[in-house]
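The structure presented is a predicted model; accordingly, all values stated were derived computationally and were not measured. Chain identifiers are assigned alphabetically (A, B, ...) following the order of the sequence lines, protein sequences preceding nucleic acid strands; residue numbering begins at 1 within each chain.
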Amino acid sequence: MQFSPEIFEKKWQQKWQEDNVYRTENFTDTPHCFVLDMFPYPSGSSMHVGHPRGYVATDIYSRFKRMNGFNVLHPMGWDAFGLPAEETAIENKEYPTETVERNIKKFKIQLNMLGLGYDWSREINTTDPEYYVHTQRIFLEFFKRGLATNKTIPVNWCEELGTVLANEDIVDGKSERGGHPVFQKPMRQWILAITKYADRLIDDLDLLDQWPEKIKNAQRNWIGRSEGHEFSFSTSAGIPISIYTTKIETLPGATCVVVAPDGELTEQLLATSTNAQQIKNYITQSSQKTTLERQAVTEKTGVIIEGVTATNPFTKEQIPIIVSDYVLSSYGTGAIMAVPAHDERDSEIAKVFNIESRTVIEHDVLVHAHALNGKTVEEARTILSDMVDAKKQKRYKIRDWVFSRQRFWGEPFPIVWIEGKNNYELVAQGPVGAWLPKEAVMYIHDGKEQYAVPVLPEFLHTMQLPKVASYQPTGTLEGPLAGIDTWVNVFLDPTTGAISQNKETTHAIPARRETNTMPQWAGSSWYWFRYMDTKNKELPFSKQSVDYWGPVHIYAGADHAVAHLIYARFWHKVMQDAGMVDFPEPFTRLEFLGYILAPDGSKISKRKGNSRSPEDVINTVGADAFRMYEMFIGPFEKSAPWSDDGLVGSRRFLERVWRLHESVVEKNVATTDAHALSSIHKTIQKVGNDIETFKFNTAVSSMMICLNEIQDVDIAVADFKHFISILAPFAPHITEEMWHVMGHTSSIHLSTWPTVNKSVIRQESITVPIQINGKVRSQIDVPMDMPEKELETLALEDAAIQKHLSGKTTQKIIIVPNRIVNILV
RNA sequence: GCCGGAAUGGCGGAAUGGUAGACGCACACGACUCAAAAUCGUGCGCCCAUUGCGGGCGUGUGGGUUCAAGUCCCACUUCCGGCACCA
């Protein structure tokens, strides 16, 4: 019979679905394992050969664990809210739900073509109201703890996308989505207080010993903790300037003070200056720079605030105050002491204004520093911080998470706004009171106080995304939802917390729904928990289910070090504080996935058209060969270029397995060749170890080696089955087909991983190389574990060795049994 | 600039401090065939010698430790990734 994957692959995919082969139940007595893929967003662009690599790897791992008796949770779902899906929908001129639905269908077909064994009964979709009601529910936990606030702060505004973006959404100074320019603007936004968790997010990285160092380092850098001092410079205007520095010992060399153009402080100093107009012009000018332009700046610019000076609290010198946009209002105090001699940036600004650069530290000792001359850096630090009454401060580069988007396609906030303190207090006395933060979230509009009030969990069904006629971004602070009166204007019953369209009770008060939506990252910040308990109506997930399944044992996917993986850890910690989970970190082990590159080594991109579709490959060589090649191409965590030539090797391997299987069945011999048997068992061991450690490339090559060793000798059917079993996770279709041909009626994927027979592995003899002065001159076959003495004798008797040794004196002989003999002359 | 990671044949890559280049691809030659494809077999780091063995060099560069280094240590080069006016 011909090897025809195109026939049996589809057949088995259907059969597995019908038989629920991959269905997982909660709560078993067996060991269990949660293997998680980063779920995709089903965008319009179709898959290329790089996408399935991670899915194939976790599929292999899951099958392996299942065959080893584990109850395996290996689910899949869709991250479908947010800009990618919405932008696609706008391009296609259709409603986002349609886009999402169609793309999910397409993606699912593609995943199934690969023979991936997901438990589809646990499929999730972040845009499903049944799902996002729980995202909203978890947001309430943030709100209640004062971690979700509404504040005016400088944020990234992207005109083209018509929305603000988080720092994590900005790549190389442009929007990650679309590469549009971004401006810094103060705006009122929903903020999640991730900085309050910064220490835990850094410190708990030490718990993650099964995470790649690379990812942990990226997170440490991104969070960017620094420890320094905060203290004040007095000014001739009577307004103190508070500054933050990590090098207080350089204070004697501080010859000017620099303030950020967009800070409040600058506003105040400007009023007492003699060049207010010049300063205002500079402020306007720098506010018009995009983030990219700011970053690209090579030469420092700024304006001296004339008519005002600051006093260096150590030297008592009067020093100039400069406004310059290299100082950021969003970091530290928005003002710095500039020490030109010991900081490159300060040196640049000093050059522009001809300001003195005074070296105050040489070889770790203070110089040109009056009373401090000769003191060490350490001593100076203590003396100075006492003298200026400095406070020790920790600062972080990470900013609080700007969490609102002026877009349609996201989770609505479970928040309504009410007017007036009296109304707020009335609401606080009702059931809503239990969900209010200590400090009210509010702002003042036209002189009237607006208070944020949470929508209770039991009324979240009233906060579903409405059907709208137009969902295009409006380009204003209000999202598209603001245009729908029936969405915005509602009534809140303070005695129950109920939200209604009409005033249904006399005491109901008017309220306005929040019109911004949550960002793309919201739904993906907790989704792994939902897989554990997909049908739960009341809660995001039950405590029992998370006690059983959590934490995730293996999380595999592409590099999302600074966005998703920080957000996910942050949400997890808040959920921990809310008592929803008991453990500190969501993902025990993280496996980082390398990309598949185009054949020329460049990145695969739609524009270049340098990719191949998985369907294409499957139609040519079959899904099994495709899977094998994706694993064989190189180490899992390393990127590697795609090669159609290389793909052929996997296909040939499977064809040879197929032929061998036919001859094994036909010959039906009773005993297997001893060397072949040993090879099979060695390979069982090797492949098992390699799967456990995600070394799929060497697992595949060891099976190729094994095939080379067994294909021309007698193999009994029973022993050949072992070979088929270890191949099954990699090539699920062909192995299932052979398994059934060999008489089984149930799936090979529900069978047991073969046991290694150590006694057949054990070799009787071994080849030992003999070196003279470290160069291999001969080798001898000797029985395993031959004692040193005998080995030495045999080595010295060897003809080739004798030839090399003639006329020389042996100094020393080093013998490592079963390994090597090294003769020194 | 800071923080990671990497560097091995024509290519992807393999190697608990112990025979570098497994496995696969490409290539060459041979078998089968009228022929081709497929398949099977042999060879395949570089240089010298090939009438026979063989010999020298070799894992980015320079040094070091060791009987023995791709692997450990020191210094450097290049490339890739991340962060970046964060005081």
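Using a 4.0 Å heavy-atom cutoff across all strands shown, Thr245(A) reaches sugar-phosphate atoms only and no base atom. Within 4.0 Å of Gln771(A), counting heavy atoms only, lies at least one base atom of the nucleic acid. Counting non-hydrogen atoms under 4.0 angstrom, Lys695(A) reaches nothing in the nucleic acid.
Between the P atom of rC23(B) and the CZ atom of Phe730(A) lies a distance of 18 Å, rounded to the nearest Å. Atom CD in Gln811(A) sits about 13 Å away from atom P in rA68(B), given to the nearest Å. One can place OH of Tyr629(A) at 10 Å from C1' of rC11(B), the figure rounded to the nearest angstrom. For Asp781(A) and rU19(B), the CG to P distance is 16 Å, given to the nearest whole Å. With rounding to whole Å, Asn217(A) atom CG is found 7 Å from rG5(B) atom P. In this entry the distance linking NE2 of His804(A) with C1' of rG55(B) reads 9 Å, nearest Å. Atom CD1 in Ile349(A) sits roughly 15 Å away from atom P in rC85(B) (whole-Å rounding).
Judged by distance alone, with hydrogens and angles left aside, Lys300(A) brings a side-chain donor or acceptor within reach of the base of rC85(B), the pair sitting under 3.5 Å.
Under the Watson-Crick and G-U wobble criteria, each requiring two contacts below 3.5 Å, nucleotide rG81(B) is paired to rC3(B). Here rC76(B) sits opposite rG60(B) as a Watson-Crick or G-U wobble pair (both hydrogen-bonding atom distances under 3.5 Å).
Under the salt bridge (charged side-chain N to carboxylate O under 4.0 Å, His left out) criterion, Arg652(A) pairs with no residue at all, not counting sequence neighbours.
Under the 6.0 Å distance and 45° angle rule, Arg395(A) counts as a cation-pi partner of Tyr244(A).
Comparing atom distances between the Pro635(A) side chain and each of rG13(B), rG24(B), rA87(B) picks out rG13(B) as nearest. Which of rG13(B), rG18(B), rC85(B) sits closest to the side chain of Asp325(A) comes down to rC85(B).
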> How far apart are the C-alpha atoms of Arg294(A) and Asp325(A), what are their side-chain angles, what is the distance that settles it, and do they pass the side chain to side chain contact (heavy atoms under 4.5 Å, CB included) test?
Replying inline: CA-CA 8 Å; Arg294(A) 270 188 168 221; Asp325(A) 59 11; 4.0 Å; yes
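Residue Gln711(A) is the one, among Gln711(A) and Asn822(A), whose nearest nucleotide of RNA chain B lies closer to the 5' end (criterion: closest heavy atom). Where Arg656(A) and Leu824(A) each meet RNA chain B at their nearest nucleotide, the meeting point lying more 5' is that of Arg656(A).
Near RNA chain B, meaning a heavy atom under 4.0 Å away, the residues from residues 648-655 of chain A are Gly649(A), Arg652(A).
Applying the salt bridge (charged side-chain N to carboxylate O under 4.0 Å, His left out) definition to pairs two or more places apart or across chains, those involving residues 625-640 of chain A are Asp59(A)-Arg627(A).
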